[in-house]
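Take a look at the structure set out below.
First listed ligand is number 1; within each ligand, the first listed atom is number 1. Counting begins at 1 with the first residue of the sequence. This one's a predicted model, so the numbers in the text were calculated from it and none came from an experiment.
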Amino acid sequence: MASSDPILIVGGGLGGLTTALALARHGRPVCVLEGAPQFGAIGYGIQFGPNVFHVLDRLGITEQVLAIADFPVALRMMDALTGMELIRVPTGASFRARFKYPYIVVHRIDVHNVLLDACRGESAIELVSDAMVMGFEDRGDGVAVTTVDGRTFSGAAIVAADGVSSMFRQKLIGDGDPRPTGYVAFRTIVPMAELKADVARDCSALWGGPGMHVVHYPLRHSSEFNIVAVFRTATHGERGDAAAYRAELENTYRNAHPSIRALIGMLDLRWRRAVADRDPIRRWHKGRVVLLGDAAHAPLQSFAQGAGMAIEDGLCLGELIAAAGDDFSSAFRNFEAARVLRTARLQLESRSLWDFYHLDEGIARDVRNATVADWDEAHLFDCLSWLYDGAAIPVAAER
Ligand SMILES: Cc1cc2nc3c(=O)[nH]c(=O)nc-3n(C[C@H](O)[C@H](O)[C@H](O)COP(=O)(O)OP(=O)(O)OC[C@H]3O[C@@H](n4cnc5c(N)ncnc54)[C@H](O)[C@@H]3O)c2cc1C
């Protein structure tokens, strides 16, 4: 029998909100504690593969997400030096026939708002912003967390969805900071009307080159354009000024295709982040506390699937807690059993793909380009099916 104590979810990102919704749909009380002053995402684009729709469907929010989405006609990989197209995954009718759902790109704020609206419609969910959790206690028969401003929240269990730099992971696993890659990312959204670069506006594109790549795609029904530039640098831990960042970008992309150099010129230099991931681990829980999403298994963004995994996690964990009542040990073990290998595969394959994108000029790069020239649609769909076919997520019986 489940107690009426709430499940405390720390972190109101896409993983935390999905978990809240999944639990509330089973009538389980939930309290989501978000450290930021308001619930809301950083305002950049995000890509969702068809696997994410398996979750959105079950939560009943597919239509709302489709209404705010753009539908790229293809996923393309270009050689950042020559501009040659290396890989093209068409995402039209054949893709939908194969994977049952579309590939979409959305503004993070818009998709966050869909989830928030759904959460606000559930009386079982309490959303608390400005609640930065700094400590917790597992008392065996319940849990409590404390916030930096001295508040205490009690509950039945804790779901730590507190992101790649998770404080809970540090306390539960103690494996240190996220693994730095030596790469940094700049992200920018520009009005489509201001885009002068000679690049396709209707696809999700990745231009890969030696130690650098650029991703771009349309947003908000093609009224905006999302640009992400990622590159290796010795200054990844340093904070520079705009002039230093600009000089570094000009130098890094000096041999890139002119279209890419035009995009680099449009970057907003105020947002720069070091790129990091986590090593896969087998255990994500201890007692009544469990990690979820990036806190458990942050990947590199090579497949654009970190949030997709956090969303799959959220439904899976919600169903398993609902099925197990207050037997959290069983729910959390089943959660790990259901999710560890899929998410670990993403972490490991993301690292391989990262290296594949960034090959230096030389024979390995020539081999890559010659190899992918033989990859047709059927082969590419087969390569992606482990990911895009979705995960087996249990359905809890009504209690
Ligand atoms: C450049 C880039 C591009 C990406 N593109 C994609 C993409 O296209 N598709 C995709 O699926 N994924 C993408 N990702 C990955 C994706 O952003 C993450 O995997 C995803 O956001 C993880 O969700 P989460 O809910 O686990 O954590 P987060 O989104 O990090 O949310 C954690 C939340 O917890 C809060 N928090 C943290 N600590 C505390 C605390 N102590 N107390 C209270 N609250 C706290 C934070 O404020 C935040 O709201 C990309 C990542 C990067 C860096």
Side-chain angles (χ1 to χ4, degrees), residues 8-20 31-42 44-52 55 72 75 103-108 111-112 115-116 127-136 145-149 151 153 158-171 178 181 183-188 204 206 213-217 219 226-231 271-278 284 291-314 317 343 346-347 350 354 387:
L8 304 180
I9 298 178
V10 181
L14 295 175
L17 292 182
T18 306
T19 313
C31 176
V32 187
L33 301 164
E34 168 55 46
Q38 278 155 3
F39 280 84
I42 307 169
Y44 294 97
I46 193 160
Q47 313 187 51
F48 282 161
N51 51 307
V52 176
V55 178
L75 313 178
Y103 193 97
I104 63 163
V105 287
V106 279
H107 202 298
R108 238 173 223 261
V111 78
H112 212 100
L115 272 167
L116 270 177
L127 298 168
V128 186
S129 57
D130 224 344
M132 182 60 79
V133 173
M134 55 169 284
F136 69 95
V145 302
T146 48
T147 58
V148 287
D149 58 2
R151 284 172 290 166
F153 295 83
I158 297 170
V159 177
D162 54 341
V164 63
S165 300
S166 170
M167 178 271 283
F168 281 88
R169 183 175 177 128
Q170 202 43 42
K171 301 227 161 146
T181 58
Y183 282 75
V184 292
F186 281 104
R187 305 196 282 198
T188 296
S204 170
L206 182 143
H213 75 259
V214 171
V215 171
H216 59 74
Y217 47 82
L219 286 176
N226 191 70
I227 309 166
V228 184
V230 179
F231 59 97
W271 190 100
R272 177 175 127 137
R273 290 285 182 284
V275 175
D277 69 355
R278 290 282 189 184
W284 299 334
L291 308 175
L292 176 139
D294 269 9
H297 47 68
L300 295 175
Q301 64 262 29
S302 325
F303 281 95
Q305 277 279 344
M309 291 301 113
I311 288 170
E312 288 184 0
D313 277 1
L317 182 61
T343 54
L346 181 73
Q347 290 172 286
S350 295
W354 192 262
L387 193 53

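- Ligand 1 has a nitrogen or oxygen under 3.5 angstrom from a nitrogen or oxygen of Gly308.
- Of all protein heavy atoms, the one lying nearest to atom 38 (N) of ligand 1 is Asp162 CB, 3.5 Å.
- Per-residue contacts place Val10 under 4.0 angstrom from the following atoms of ligand 1 (heavy atoms of the residue considered): 40 (C), 42 (N), 43 (C).
- The backbone of Leu14, and not its side chain, has at least one atom closer than 4.0 Å to an atom of ligand 1 (non-hydrogen atoms only; backbone = N, CA, C, O).
- For atom 16 (C) of ligand 1, the candidate residues are Gln301, Arg108, His297; the nearest heavy-atom contact is made by Arg108.
- For the atom pair CG (Asp313) and CG (Leu291), the distance works out to 10.0 Å, reported to the nearest 0.5 Å.
- At a heavy-atom cutoff of 4.0 Å, ligand 1 is contacted by no atom of Val164, backbone or side chain.
- Cys31 is not listed as a side-chain neighbour of Leu127, based on a closest heavy-atom distance of 4.5 Å or more.
- Within the listing of ligand 1, atoms 26 (O) sit less than 4.0 angstrom from a heavy atom of Gly293.
- Closest protein heavy atom to atom 26 (O) of ligand 1: Asp294 N, 2.9 Å.
- The shell of residues lying under 4.0 angstrom from ligand 1, judged by heavy atoms, excludes Ser165.
- For a threshold of 3.5 Å applied to N or O pairs, the pair formed by Arg187 and ligand 1 contains no separation below that value.
- Among the atoms of Gly35, some N or O lies under 3.5 angstrom from an N or O of ligand 1.
- Contacts between Ala131 and ligand 1 below 4.0 angstrom, taking non-hydrogen atoms only, involve the backbone exclusively.
- Contact record, Trp271 with Phe186: O-CD2, 3.1 Å, taken as the closest heavy-atom pair.
- With hydrogens left out, the protein atom closest to atom 30 (O) of ligand 1 is Gly163 CA, 3.6 Å, a heavy atom.
- Interatomic distance, CD1 of Ile9 versus CD1 of Ile158, reported as 11.5 Å (0.5 Å rounding).
- Around atom 42 (N) of ligand 1, the closest heavy atom drawn from Val228, Ile9, Val105, Val133 belongs to Val133.
- Among all non-hydrogen protein atoms, the one lying nearest atom 47 (O) of ligand 1 is Glu34 OE2, 2.6 Å.
- Looking from atom 12 (N) of ligand 1 to the surrounding protein, the closest heavy atom is Ala307 N, 3.1 Å.
- Ring geometry for His213 against Trp354 counts as perpendicular: the plane angle is over 60°, on a 0 to 90° scale with 30° as the lower cut.
- Residues Asn226 and Val105 form no side-chain contact, since every pair of their non-hydrogen atoms from C-beta on lies 4.5 Å or further apart.
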For this session: In sequence, state the C-alpha distance, the side-chain angles, and the governing distance for Val52 and Gln47, and then conclude on side chain to side chain contact (heavy atoms under 4.5 Å, CB included).
Result: CA-CA 10 Å; Val52 176; Gln47 313 187 51; over 6 Å; no
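- Taking any N or O of Ala295, backbone or side chain, none lies under 3.5 Å from an N or O belonging to ligand 1.
- Inter-residue side-chain proximity for Ile46 and Tyr44 is flagged as unmet; no heavy-atom pair is nearer than 4.5 Å.
- Protein heavy atom closest to atom 40 (C) of ligand 1, with residue, atom name and distance, is Met132 SD, 3.2 Å.
- Across every non-hydrogen atom of Gln38 and Glu34, the tightest pair is O-CG, 4.4 Å.
- Closest of all the heavy-atom pairs between Leu8 and Phe153 is CD1-O, 3.5 Å.
- Ranking protein heavy atoms by distance to atom 8 (O) of ligand 1, first place goes to Gln47 N, 2.8 Å.
- We find the CG-CG distance between Asp277 and Leu300 to be 4.0 Å, quoted to the nearest 0.5 Å.
- The protein non-hydrogen atom at the shortest distance from atom 31 (O) of ligand 1 is Gly13 CA, 3.7 Å.
- Distance check, rounded to the nearest 0.5 Å: CE of Met167 to CZ of Phe136 gives 7.0 Å.
- At under 3.5 Å, a nitrogen or oxygen of Gly15, whether backbone or side chain, sits near a nitrogen or oxygen of ligand 1.
- Atom OG of Ser165 sits about 6.5 Å away from atom CZ of Arg278, to the nearest 0.5 Å.
- Expressed to the nearest 0.5 Å, how far NE2 of His112 lies from CG of Leu17 amounts to 4.5 Å.
- Atoms of ligand 1 lying under 4.0 Å from any heavy atom of Ala161, numbered from 1 in the order shown and given with element: 32 (C), 33 (C), 34 (O).
- With ligand atoms numbered from 1 in the order given, ligand 1 contributes 43 (C), 44 (N) to contacts under 4.0 Å with heavy atoms of Leu33.
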